[in-house]
Amino acid sequence: MNKVITISLMLILSACSSDDVETANFGSDYYKSDYQLVNATNLELDFYMANSELDGDERDPFKDKYKVAHVTKEEGTKQIRHEHNAERKVNFYVHAPYANKAGYRETHKVKRDRHYQWLAWMSGEALSHSLFEKYESNREGYIRVRLFATDTALQANNSGQTLTLTIGKVSEFISVDQCNGGLQVNGMPINLCDASFGRSYLLVVGDEGRISLALQ
């Protein structure tokens, strides 16, 4: 009987490669975080995540087993939960499967039990993405937005106040009291009439104005 148990354990252990451990549930909510995936491009995108430096080895996220979502332009956003290892480093990779564009990869050190926004965007003709913490900043009677710039030399004007935007960075929240024309980017009115007053959003903008809007 003991011999049978021993053989069974050996078979299980031999079947569990380091890659299998990579995608296994670690058995606890301790290292899990939530991610809102935002597609602010005109492409269909695949999002990949792989824990980094597991057992001292780097993990490339390019395999299908690490794909966490497929997000079209029409869908806009998806919500996922990912469990990362104790090293807290995660490889993020975005790929456009139906377009002749290079994928984009970055490694980020993430914290447990947090809410992140993972934003895919176009830097000129190149695919890029950014990761930052997601949070609400609701205020009654206002549409609250924080802006993410995909181009250089962008300025937002809101009720006479000017905010200079930095490409690839997200701004602090601002309060907009008119859904159409209250906020302008480089003199172009930004229509927010599909947003709700009293709620907060991530607004992605470029040199032609609004690109996408995602609820916080």
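Quick caveat, the model's predicted, so the values are computed rather than measured.
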Asks: Linking I/L/V/M/F/W/Y whenever their side-chain heavy atoms sit closer than 4.5 Å, directly or via other members, would Val204 and Val170 fall into one cluster?
Replies: yes
Asks: The criterion is ring-ring contact (aromatic ring centres under 6.0 Å, His included); which residues satisfy it with Phe62, sequence neighbours excluded?
Replies: Tyr93
Asks: With rounding to the nearest 0.5 Å, note down the distance linking CG in Leu37 to CD in Gln117.
Replies: 10.0 Å
Asks: Applying side chain to side chain contact (heavy atoms under 4.5 Å, CB included) to Leu43 and Met122, what does each step give before you reach the verdict?
Replies: CA-CA 10 Å; Leu43 307 170; Met122 299 302 296; 4.1 Å; yes
Asks: Looking at every non-hydrogen atom in both residues, tell me the closest pair between Ser200 and Ser137 and how far apart they are.
Replies: OG-N, 3.0 Å
Asks: Pairs of donor and acceptor atoms involving the side chains of residues 184-198, under 3.5 Å and at least two apart or interchain, shall be tabulated with distances.
Replies:
{"from": "Asn186", "atom 1": "OD1", "to": "Gln155", "atom 2": "N", "distance (Å)": "2.8"}
{"from": "Asn186", "atom 1": "ND2", "to": "Ala153", "atom 2": "O", "distance (Å)": "3.2"}
{"from": "Asn191", "atom 1": "OD1", "to": "Cys193", "atom 2": "N", "distance (Å)": "2.8"}
{"from": "Asp194", "atom 1": "OD1", "to": "Arg210", "atom 2": "NH1", "distance (Å)": "3.0"}
{"from": "Asp194", "atom 1": "OD2", "to": "Arg210", "atom 2": "NH2", "distance (Å)": "2.8"}

Asks: State, yes or no, whether a side-chain contact exists between Val90 and Asn51 at a heavy-atom distance under 4.5 Å.
Replies: yes
Asks: Look up atom OG in Ser33 and atom CZ in Arg81, then write down how far apart they are to the nearest 0.5 Å.
Replies: 8.0 Å
Asks: For a 4.5 angstrom cut-off between non-hydrogen side-chain atoms, does Arg105 reach Phe92?
Replies: no
Asks: Check the pair Glu136 / Arg144 against salt bridge (Lys or Arg N to Asp or Glu O under 4.0 Å), numbers first and verdict last.
Replies: CA-CA 9 Å; Glu136 293 181 350; Arg144 296 277 286 169; over 6 Å; no
Asks: For Phe173, enumerate each residue passing the ring-ring contact (aromatic ring centres under 6.0 Å, His included) test, keeping only those at least two apart in sequence or located in another chain.
Replies: Tyr135
Asks: At their closest point, which heavy atom of Gly206 faces which heavy atom of Thr150, and how far apart are they?
Replies: CA-OG1, 3.4 Å
Asks: In terms of hydrophobic clusters joined by side-chain contacts under 4.5 Å, are Val94 and Val110 together?
Replies: yes
Asks: Okay, side chain of Asp151, backbone of Asp207: is any donor-acceptor separation there less than 3.5 Å?
Replies: yes
Asks: Quick check for you: to the nearest 0.5 Å, what is the distance between Asp113 atom CG and Lys32 atom NZ?
Replies: 11.5 Å
Asks: Judged by atom type as modelled, is there a donor-acceptor pair below 3.5 Å linking the side chain of His84 to the main-chain atoms of Tyr31?
Replies: yes
Asks: Check whether more than 12 heavy atoms from other residues, nucleotides or ligands sit under 6.0 Å from atom CD of Gln161, and answer yes or no.
Replies: no
Asks: Determine, using the 4.5 Å side-chain heavy-atom cutoff (strictly less than), whether Leu147 and Ile143 are members of one ILVMFWY cluster.
Replies: yes
Asks: Do the side chains of Leu163 and Tyr142 join up, straight or via other hydrophobic residues, at under 4.5 Å, putting them in one cluster?
Replies: no
Asks: Measure the spacing between CG of Leu45 and NZ of Lys101 and express it to the nearest 0.5 Å.
Replies: 11.0 Å
Asks: Which pair of heavy atoms, one from His70 and one from Glu44, lies closest together, and at what distance?
Replies: NE2-OE1, 2.8 Å
Asks: Please report the closest heavy-atom contact between Ile211 and Ala40, naming both atoms and the distance.
Replies: CG2-O, 3.4 Å
Asks: Does anything in residues 155-183 pair up under salt bridge (Lys or Arg N to Asp or Glu O under 4.0 Å), and if so which pairs, sequence neighbours excluded?
Replies: none
Asks: Does Tyr35 reach the side chain of Met49, with side-chain heavy atoms less than 4.5 Å apart?
Replies: yes
Asks: Decide whether Val205 and Val145 are clustered together by the hydrophobic rule: side chain heavy atoms of Ile, Leu, Val, Met, Phe, Trp, Tyr closer than 4.5 Å, transitively.
Replies: yes
Asks: Measure the spacing between OG1 of Thr41 and CG of Leu119 and express it to the nearest 0.5 Å.
Replies: 9.5 Å
Asks: Stepwise, does the side chain to side chain contact (heavy atoms under 4.5 Å, CB included) test hold for Leu215 with Arg199?
Replies: CA-CA 8 Å; Leu215 180 67; Arg199 303 299 298 272; 3.5 Å; yes
Asks: Could you give the side-chain donor-acceptor pairs of residues 126-133 under 3.5 Å, partners two or more places apart or in another chain?
Replies:
{"from": "His129", "atom 1": "ND1", "to": "Trp118", "atom 2": "NE1", "distance (Å)": "3.2"}
{"from": "His129", "atom 1": "NE2", "to": "Tyr104", "atom 2": "O", "distance (Å)": "3.1"}
{"from": "Ser130", "atom 1": "OG", "to": "Trp121", "atom 2": "NE1", "distance (Å)": "3.0"}
{"from": "Glu133", "atom 1": "OE2", "to": "Arg114", "atom 2": "NH1", "distance (Å)": "3.2"}

Asks: List in chain and number order the residues that pass side chain to side chain contact (heavy atoms under 4.5 Å, CB included) with Asn158, two or more places apart in sequence or in another chain; answer none if no residue qualifies.
Replies: Ile174, Val176, Leu183
Asks: Show your reasoning for whether side chain to side chain contact (heavy atoms under 4.5 Å, CB included) applies to Tyr48 and Asp64.
Replies: CA-CA 8 Å; Tyr48 297 75; Asp64 285 344; 4.0 Å; yes
